Amino acid sequence: MLKQLEGSHAVAEAIALCRPEVICAYPISPQTHIVEHCGELVREGKMGRCEYMNVESEFAALSACIGSSACGARTYTATASQGLLYMAEAVYNASGLGLPIVMTIANRAIGAPINIWNDHTDSMSMRDAGWIQLFAETNQEALDLHIQAFKIAERLSQPVMVCMDGFILTHAYERVDMPTQEQVDQFLPPLQPRQVLDPSNPYSIGAMVGPEAFTEVRYLAHDKQMQALDVIPEIAAEFRDIFGRDSGGLIREYRTKGAETIVVTLGSVAGTIKDTVDEMRDAGEKIGVVTIGSFRPFPGAALRAALQGAKRVVVVEKSFALGFGGVVANNIMMSMQGTGIHVHTVVAGLGGRPITIPSLHRLFATAVRDELEDVHFLDLRWDIVKAEIARQRAQIASGPVAESILRNIQSDTAGQSASQGVRA
Amino acid sequence: MKQIDELSPEQKVKFYQKGTFTVGNRLVDQANRTVQASMARSNAITSGHRACQGCGEALGARYALDTAMRATGGNMIAANATGCLEVFTTPYPETSWQMPWMHSLFGNAPAVASGMQAAMKAKGRDTRIIAQGGDGGTVDIGFGCLSGMFERNDDVLYICYDNEAYMNTGVQRSGATPGGARTATTMPVGEQYPGNVFGTGKNLPRIAMAHNIPYVATASVAYLQDLEAKVERAMQIHGARYIHVYVPCPLGWGCASHETINLARLVVETGFFPLFEAEHGRVVRTRPIRSRVPIEEYLRPQRRFAHLFKTESGKAAIAKLQAMCDHNIAEFDLLREEEETGR
């Protein structure tokens, strides 16, 4: 049924259709509307016997999910940014224990400076935690991915993160096709846990493992991730059979046939990039787009096949590894080893900075002329950066960088009053 | 090897506790025997685990969980914080737990247990949940999760096994370490610093009471029937419950392994660790002291307090500890006639 819904509400209603038994959450922007609406649906009795737990922190939220999932209950939570970092220890634990928890990440930057707007630094920080990480392009896909996520998680007994761009998707009203309960029930069978805490058949879960077996245990976890490379497309195909639309999968190609330049990206910015690429294609430029749907497991082979014919690859990503470069680009470089295809990193949209079509036009035009540097920062204000570096070299900086930047550009009264405070 | 079911009932239960100060078992009449002395005991933690000789925590956990198993008819699940109890019972691929048991992290046992009870509620099952941890996992790193569990009044019994330091990592100070004690991080140095400082740390039974949860109790492994009675009472109540069990650690405290029960008794008889029960934030029962003992008698067998007897500042520290005992005795009226308690 077509509905005009906010992204967060669409996700919460998709969760309700999946018949979760325990939802446990702690509020953080921009995830709040998801858990609020989940709470509402539980209270209205629209989630059956689902228990909604209000907890005191994100660490407790995921810890409670670990307990409930180990008891064989279908379990869901959501978080973002600082919240994900605060639960980091439990994030690794949930995957190590092989618990099929589904968690939404409403992607948001990580402070300091504190910033509530969208980029992918938060979920990328959990890159190696052993969770399957799916990225949504649109609200429709976010909704669909959650339904698939439970099935993937439960088939592999491994936790799944569904990443959707904070505010850009979570707070946007879009038309979505909401499946029926019958369709979801047909697609998603009740949870059959691989291991469960049950007094009639006692298990010990979470034993201590020494050097004699630890490497093997980690390898088996890796092996499960590699199995997901087959399971994710399989489940996307099953989804298509029942719901009649394409959603999910490992990667998505767009106008890549004969492309010399291929832009690789993930998340909602794919829409803007596709629009830009459309204009350039129509103007005769051989350019295409590949969107990554599953960042973990990383679809290396699929990407290699999709990028094989290109002369250059431009990775536009909203994440940045300080002291190194692009997080996603690094993964792509590994996959493209030996092909000789040049991979450029473009760090864009950090902390919610808009990624505009004119900027992308300039960027891609530079790339096709082979004038793009290896690591490029889209729309970086070099005047501010250079002035700050010069100032720091000239004197010992006083106060945090963000404040001195505001002072240098005298962009607002807060900056001016801060600078007056320092002088006084 | 013979299966356990084929053995005669007498062989099913082993008695190890010869020559210790352990109360109960075969020397007392049937009605007053502990769960452990019963042929039909549930055996939550089986023998053969790797605890040190004289481990108070192994003893406390065994009695507490066997009692809970009996009280629930075996219909229970336990969550465990990281610590000695977790490490010595589950060296992969072995486990000492004959009941569903889970370890997740050091700081989250109460939250994991909360999730478990939510799952049971959602599934409409009556399986009961117990969470357990040492004093570090309870008063320090897991404190936030524990307070959250209390605040929601989740149907979980949390048992803290308090040996007054981080024994699993090499005897460092915790928020439950008493003043004057020597730990790996509170070395007694010179006249000015006789071990752990006074006036810090947390009294978790009182903090638990401040949450107004239905049941809070303290217990000691010297009084095993008392511990069992408290666990049994706790399992009859729904909602958040907390039992703080005093469990000496011979390794960390520097005492002989046969002193465990003696020290667990002395800490009560000195008034340093009063045994009480509280309901909804109010103390309802206390265990009076039979023969009052000065704090020196409790401190002397332990190397962690040996430095206190050598210096003037150490003697001042002992006086402070004695004052704390006196305060507890007055506050809980521990020297009254025993008839009043009905025990």
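Predicted, not measured: the structure shown is a model, and the values here were computed from it.
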Expected contact set for residues 69-94 of chain A against chain B at heavy-atom separation under 4.5 Å reads Ala70(A), Cys71(A), Gly72(A), Ala73(A), Glu89(A), Ala90(A), Asn93(A)
The reported gap from CE in Met149(B) to OG in Ser63(A) (rounded to nearest 0.5 angstrom) is 13.0 Å
**Asked** Does atom CD of Gln181(A) have more than 12 heavy-atom neighbours, drawn from other residues, nucleotides or ligands, at distances under 6.0 Å?
**Response** yes
OG1 of Thr90(B) to CD1 of Ile205(A), rounded to nearest 0.5 Å, is 12.0 Å
Listed by number, the residues in residues 145-152 of chain A that come under 4.5 Å of chain B (heavy atom to heavy atom) are none
The interface call for Leu197(A) against chain B, heavy-atom contacts under 4.5 Å, is both
Distance col, row Arg49(A):CZ vs Lys121(B):NZ, nearest 0.5 angstrom, shows 11.0 Å
Here the gap from Ser204(A) atom OG to Trp101(B) atom CH2, rounded to the nearest 0.5 Å, amounts to 6.0 Å
Query raised in the report: Would you find more than 12 non-hydrogen atoms of other residues, nucleotides or ligands less than 6.0 Å from Ile237(B) atom CD1?
Result: yes
Against chain A, residues from residues 166-174 of chain B with at least one heavy atom under 4.5 Å, in numeric order, are none
Cut-off 4.5 Å, heavy atoms of chain A, and the answer for Ala118(B) is both
The interface call for Ser57(A) against chain B, heavy-atom contacts under 4.5 Å, is neither
Min side-chain heavy-atom separation Arg152(B)-Val55(A) under 4.5 Å: yes
Scanning both residues in full, the closest heavy-atom pair of Met102(B) with Ile66(A) reads CE-CG2, 3.4 Å
query = Is it true that atom CZ of Arg194(A) has more than 12 heavy atoms of other residues, nucleotides or ligands lying nearer than 6.0 Å?
reply = yes
| message | Quick one: does any side-chain atom of His103(B) pair with a main-chain N or O of Ala207(A) as donor and acceptor, under 3.5 Å? | response | no
Ranking Lys123(B), Glu86(B), Met76(B) by heavy-atom pairs under 4.5 Å to chain A gives rank one to Lys123(B)
What do you reckon, is CD of Gln227(A) surrounded by more than 12 foreign heavy atoms closer than 6.0 Å?
-> yes
Counting heavy-atom pairs under 4.5 Å with chain A, the top scorer among Pro91(B), Ser114(B), Ser104(B) is Ser104(B)
Among residues 15-32 of chain A, residues within the sub-4.5 Å heavy-atom range of chain B, in order of number, are Glu21(A), Val22(A)
So, the part of Asn54(A) with a heavy atom under 4.5 Å from chain B: the answer is backbone
Counting heavy-atom pairs under 4.5 Å with chain B, the top scorer among Pro202(A), Gly48(A), Ala61(A) is Pro202(A)
**Request:** Show your working on side-chain contact (heavy atoms from CB on, under 4.5 Å) between Ser147(B) and Glu56(A) and close with a plain yes or no.
**Result:** CA-CA 9 Å; Ser147(B) 177; Glu56(A) 72 283 357; over 6 Å; no
- request: Report the C-alpha distance between Asp154(B) and Met53(A) in whole Å, list the side-chain angles of each, state the deciding distance to 0.1 Å, and finish with yes or no for side-chain contact (heavy atoms from CB on, under 4.5 Å).
  value: CA-CA 10 Å; Asp154(B) 288 337; Met53(A) 269 180 80; 4.1 Å; yes
So, the part of Asn80(B) with a heavy atom under 4.5 Å from chain A: the answer is neither
Whatever's closer than 4.5 Å to a heavy atom in chain B on Phe59(A) counts as side chain
Chain B shares the most heavy-atom pairs under 4.5 Å, among Cys65(A), Pro199(A), Gly210(A), with Pro199(A)
Turns out that what part of Ala60(A) lies under 4.5 Å from chain B's heavy atoms comes down to both
Checklist entry - So do Tyr203(A) and Pro100(B) actually touch side chain to side chain, heavy atoms under 4.5 Å? => result no
